[in-house]
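Here is the naming used below: chain letters follow the sequence lines, and residue numbers restart at 1 for every chain. Because only heavy atoms are used, hydrogens play no part in the values below, and waters and symmetry mates are left out as well, while side chains stay in.
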Amino acid sequence: MSIEIPNRFDHAEACPRIYAAWDAAGCFHAEVNPAKKPFTIVIPPPNVTGALHLGHGLNNTLQDALIRWKRMQGFEALWMPGTDHAGIATQAVVEKRLKEQENKTRHDLGREALVQRIWAWKDQYEGRILGQLKRMGCSCDWRRTRFTLDETCAAAVRATFFDLFAKQLIYRGKRLVNWDTYLQTAVSDDEVFNETVQGSFWHFRYPVIAPEKGEPAFVEIATTRPETMLGDTAVAVHPDPDAAMDKAEAELRERLAASPAKDRPAIELQLQNLKERRTTHLPLLRALRDMAKAGRMLRLPLVERDIRLVADAWAKPELGSGCVKITPAHDPNDYEVGIRCNLDMINILNPDGTLNESAGDYQGLTILQARKKVVADLEAQGLLGDVEDREIELPHSDRSKTPIEPYLADQWFVRMDSLSQSAMDAVSDERVKIYPERYRKGYLDWLGEKRDWPVSRQLWWGHRIPVWSLTIAAAEAPQVEEKLRDLPEFSDGRIVFQFDGNTSLQICIRNEDPSIETKIEGLGFVQDSDVLDTWFSSALWPHSTLGWPEKTAELEYFYPTSTLITSRDIITLWVARMVLMGLNNMGEVPFREVFIHPKILDGLGETMSKSKGNGVDPVEVIDKFGPDSMRFGLAWLATDTQDVRMPVQYECPSCNKLIDQTKKNRVLTKIECPSCAAIFSTQWAESPEDLSLPRGAVVSERFEFGRNFVNKLWNAARFAMMNLEGYQPQAIDPSSLALEDRWLLSRLTTTTQIVTDALGNYRYGEGVRALYDFAWDEFCSFYVEIAKPRLSDPDQRQTTQGVLAYTLDVLMRLLHPFMPFLTEEIWQTLATVVPRRGLVSIQPASEFVMRAAWPEVDAEWIDKTIEEQFALFQEVLGAIREIRSRQNIAPRDKVPFSVRCEKEVQQLLQPMTAYFESMAGAQVVEWGTTVAIPATNAHVSLTQLNVDVYVDLEQFIDVEAELERNSKLLERLVKQIAGKEQKLQNDSFVSRAPAEVVAKERESLEDLRQQLTGVEQAIKTLSAKQA
RNA sequence: GGGCGAUUAGCUCAGUUGGUUAGAGCGCCUCGUUUACACCGAGGAAGUCGGGGGUUCGAGUCCCUCAUCGCCCACCA
C-alpha cells in the first residue's frame, strides 16, 4: 500500500490549514464579472453585543451551504459579511460593565469617552464573531466586511435620512414613548415585554367642585398606579352610558352563544352583574355625563388642581366605577383621550424615573416612594376607597429588564404610510418571495398597520441624527427661512429645512461637512443629541454595503441580492424595513427571496441566549466535533418546522462526561461533575478562584452522529484511495458495466437530483438526509463491500476503481456545501492519487473542491429497473443474514443456500455469488427453476419475483430460533392477508379505486398467500423435527 | 382576544401532491475486532401517528372539534 492515511480526520489540524489555503487562493472573493451571473447574500449582521450561539450557527451554516452551492454552479457568488452596532443593546452592556467594574455612569464619562469605550468593545467582539464564522467555514468575502456604524454605512444613513426629510417623511413630534428609566432612553414597542407582577388596585375619590343638589360629591376612580394621579388632567365618563351598556350586554350574549357549555356559567355571571350595574351604576353615570357636558370640574387632591370631567368613549360603564382618570402624559390610552378632548398633558417624571417639579411636594421621590406617599396621603384625607389585590401585566424594557414608564417626549418619526404600502406590494406581487409561505401573513399584517416608525433613541452609541434645530416663534420663521434659502448649500441641495409649524426650525445636512455645521451653528442652530434606531441603518444593509449612495459597479451588478436567510423574529423589524428602504433608495427590492429557518431551542424548549446561560458557542462544538459535524447536524435540523429542540450538556473537562443542562445548573458559576466529582467552572465564573478552575464546555451530544458520519466518509475515502493504486482513468463504456455499477451510478444520479432540488427549495434537511442515506447505506454498506472482492479480480479491478473514484468525486462535490473541510481534504488527497477523473470523459480535477463544478444530472444513468433488480439482491442477502443471525451462526462458518427462480432472475443473481459469500458468508449450492430442497432449511420466499431461497441448516439448525422466526412471520402475514382480503371484498374499493391500485392489491395478496403457504410448510417441518 | 405553529418509537425529529407492511439518528437487546471505519459491522425489539368526529374505496397526510404546549400581535383604568 503506497498511501498512508490516518483512520481519523484530524479536523483540528486540517481545518485551519484548509481555510487559510482557500483564503490565500482568493476563493472567498467575488468581483463584478460580466461573464457570470451574480448570486448575492448579505449576512444578517450579528450584534456586536456578544458572541454567536448555535442559532447563529444554523443561520450561517445555511447561508454558507447556499453560497457554496451557487459558487459551484458557476455563479459569481458574493456573501457580504459584517456586524451590527446594535445601539441600545451594546451601549447597555458597556454601561453595565462600567457600573459593575468602576461604579461609574455614562454621565461620569461623557459622550465622547463612552463612545470610545463602546468602540473598544466592538473591536473585541467583532473580532470574536468574525473568528467564530471563520471557524465554521463561512465563505464570506472578508475584504468587503462592513459594520453598520462604519463610514460607508454612515454615508448611506445620512443620504437616506436627508432624502426622507426632504420628502417630508420625517418629522419630530411629542409622543408617548416607552421610557426606560434605567437606560434613560425611549425603547420601541418591539423592545418591550410584559411580565405579570403582583400589584394592587386602588380606588380613589376625587371631590366634585361645588356639587349641586342631587349631584354626587365625589367621583370614584381606580388605578394600579396611584402616583400617576399627580399628572391627571381629567376624569372621563362615557358620553352615552346606556348605549355602551347595551352594547356590552349584546357582546356578552353573543359570546355566550358561541361558547362551549363549560365556559357558560362564567359568562352568565358576568351578564348578571351587568344587569345589576344598570341599577347600581347607570343613574350616577348619566348624571356625571350631564355634568361633563356642562363643563363641571373636579378637584384633584394632593396637588389641589382643578381638572375637567370629560365625556369620552374610552370610559367603559361596564367596568370599575364606570369612570376613568386621565393621565395623558403617562398612559397611551389616556394620551389619545387627551388629544381628543384637548387636555393639558403634564409630565411628572424626570428622565431618571424620579418625579419632577410638576409633582409638587412629591418632587424628587422615586415612583415607588411616590406611590406609597400618595396612597397614604389620600387615606389621610379620607379619599381612599377599597384596595384590591390584583395581578398586573407590567411592561418591561427588553434591554434593561426594568419597568417601562410611558413618558411624553420629543421623538423623530418616519411616516410609514406610502413606505409600508410599497413593501406590502412587493410581497403581494411576489417580487419578494417568502419561504415558508406562512410567514407572509405576519409581514403583511404588521406593515398593514402603517404605524409611524419612531426612529430616535436617547443614546450615544449610534448614527447621530443629522438635524440642527432653532427654536423660534412662528412669526419669525418666514424671515429665517428666507435667509436659509439664500445659502448656497441650500441651492445646491446639500441642506434642506422645515418648520414644524410651532416653534422649531430644522435643518438637515446631507453629508457630514464640518464647514456647513459651523456655519449653521453660527446661526444658532443646535444639533439634535439623539441617535437613530439601530434598525434604521440595518434597513439599508443590502445596498449600503455595496456602496450606495455612490453608483458603484458592485451595486449595479450584485443588487438586488438573491436570498436573505434569517430567523422569524425579525421579519417585521428588519426584513420589512429592508424592503421598504430598498424600494425607496434603489427603486428595487433588496432581495428576491427570503428564507426563514427554524429556531434552535434548548432541551427545556427555551430559545438560546447568553443571558440565560443556555447558549452554546459554536466554537465549543467545533472543538469537540469539528466544523463539518456541526454544520451537517445543523443542516439536518433545517426542515419546515418552526422550532427544534437541542438538549444541551456541560462537558466535564476532566472525565469528558456530558451533564445535562437544567434550569438550576445553567446559572451556576461552578459545577461538580456527578461522575468524577471534579469541579469545573462555567461561563458565569467571575471570581479568581472560580476562574482558576478548568472550564466546562457547553455542547450538545446531538452532533455525535454528524461526527460519526464524518468518520464514515473519511474511512470510505481512505478505503477507496488505498485501493486506487495503479488506476489509470479511462473512459468507461456504460454497456460494459456490471449491475452493481449501474445500480450505484443510478442511485448517485438520483441523489444528485434530490440534493439539487432540495437546495433550490431551501429544503436543507431533505438534501443532507439523501446524502447521508446514499453515502452510508448505498456507497459504504453495499458498493464498498462489493468492491472488495472485485478489486482483487484483475478483470474487474479497473472498472471498480473507476466507479469508486468517480463516485467519490461526485459525492465530495455534493457534500461540499455542507461539509466543506472534510470534502476539501478528501478531494485534495484524492488528487494525489487520481488527478484526472471522470467516467465517460476524463478531466483534470479542479484544485479545490470549493471551486469544482456542481455535478450535473445525466438522467441516462437513472435506471429504475436496475434499482429494482439490485433491490432483489439486497432482499435475498438480507434474508440470509437474518437467518444467520437468528441461528447464531458463527461468522467464520459458511452456510450453503439454494435459489429456485426463473432463468432471468438466475442470470441476475448468479453474478452476485461472490457477494453472497463476502457479505453474508453464504455459498450457493444451486440456482435454477428446480432445485433440491435441503432437508433442514430456512426458507424465504420472494413471490413477486417467483423466487425461493433455501438456506441449508443441516450443520447449524437451532429449531427453536427458526420456529420463532417463522411464527413471527406467520403472524404478520396472517394480519396482512386479512387486511387485504377485507379491502378487496369491499365493493366500493374495487369499483371506485383506480384499476391499477386494485390490481396491485390483488397481486400482493396473492404474493402474501404464497408466502404464507411456505411459512406454514416450514413450521410443520420444523415442529416435526422438534418433536 | 386575534394570528401562526406543534403534538409520530424511551429521547430528538423526518414523512413531497391522500395509495402496499409509517422512517431516521441516539438509546436499548443479541452477535461480532476477516487489513476503510468499534466515531464500526450484522441482526433485532419498540409506534392503535394527542383525543373525538367528518370527507373518501382508502387519512399520519384533507376538513371540523377538543386538549396540551410554544411563538407572534393586540388589550387589560
Plane angle bin for A:Y783 and A:F779 - parallel if under 30°, tilted between 30 and 60°, otherwise perpendicular: parallel
Whether A:Y772 and A:F705 hold their rings parallel, tilted or perpendicular, with breakpoints at 30° and 60°: perpendicular
Earlier contact from the 5' end, RNA chain B, for A:S781 and A:R8: A:R8
Residue met sooner reading RNA chain B from 5', once A:W776 and A:I889 are mapped to nucleotides: A:I889
Euclidean distance, atom [atom1] of residue [X] to atom [atom2] of [N] [Å, nearest integer]:
| X | N | atom1 | atom2 | answer |
| --- | --- | --- | --- | --- |
| A:I786 | B:A36 | CD1 | P | 15 Å |
| A:L601 | B:G70 | CG | C1' | 8 Å |
| A:I570 | B:C72 | CD1 | C1' | 14 Å |
| A:R225 | B:C76 | CZ | P | 13 Å |
| A:K788 | B:A36 | NZ | C1' | 6 Å |
| A:D777 | B:A24 | CG | C1' | 10 Å |
| A:M630 | B:C39 | CE | P | 22 Å |
| A:N888 | B:C31 | CG | P | 7 Å |

CD1-NZ distance between A:I434 and A:K441, expressed to the nearest 0.5 angstrom: 13.0 Å
Value rounded to 0.5 Å, distance of CZ in A:R707 from CE in A:M630: 15.0 Å
Please give the distance between the [atom1] atoms of [N] and [M] as a whole number of Å.
| N | M | atom1 | value |
| --- | --- | --- | --- |
| B:A36 | B:C28 | C1' | 28 Å |
| B:C37 | B:G44 | C1' | 23 Å |
| B:U17 | B:G60 | C1' | 15 Å |
| B:C64 | B:C26 | C1' | 38 Å |

Phosphate-side-chain proximity, A:N708 and B:C37, N/O vs OP1/OP2 below 4.0 Å: no
Assign [X] to base, sugar-phosphate, or nothing according to its heavy-atom contacts below 4.0 angstrom with the strands shown.
| X | result |
| --- | --- |
| A:R892 | nothing |
| A:W714 | nothing |
| A:V644 | sugar-phosphate |
| A:R769 | sugar-phosphate |
| A:Q887 | nothing |
| A:K441 | sugar-phosphate |
| A:Y772 | sugar-phosphate |

Range-with-range stems for RNA chain B, at least three Watson-Crick or G-U pairs under 3.5 Å: B:1-7 with B:67-73, B:10-13 with B:23-26, B:28-32 with B:40-44, B:50-54 with B:62-66
Nearest to side-chain heavy atoms of [X], which nucleotide of [options]:
| X | options | result |
| --- | --- | --- |
| A:K712 | B:C11, B:C4, B:G41 | B:G41 |
| A:P647 | B:A42, B:C73, B:U12 | B:U12 |
| A:S885 | B:G43, B:C71, B:A36 | B:G43 |
| A:N715 | B:A36, B:C73, B:C13 | B:A36 |
| A:R702 | B:G25, B:C37, B:C13 | B:G25 |
| A:W314 | B:A36, B:C76, B:C13 | B:C76 |

A:V337 side chain reached by A:R340 side chain, heavy atoms, under 4.5 Å: yes
Heavy-atom check, side chain of A:F818 versus side chain of A:L759, under 4.5 Å: yes
side-chain hydrogen bond (donor to acceptor under 3.5 Å, both in side chains) between A:D757 and A:Q753, intermediate numbers included: CA-CA 6 Å; A:D757 290 347; A:Q753 180 74 62; 3.3 Å; yes
Salt-bridge contact A:R225-A:D331 (side-chain N to carboxylate O under 4.0 Å): no
Evaluation steps, side-chain contact (heavy atoms from CB on, under 4.5 Å), between A:T807 and A:F774: CA-CA 11 Å; A:T807 304; A:F774 173 77; 4.0 Å; yes
Quiz item: A:E449 side-chain donor-acceptor pair to B:A74 base, under 3.5 Å: no
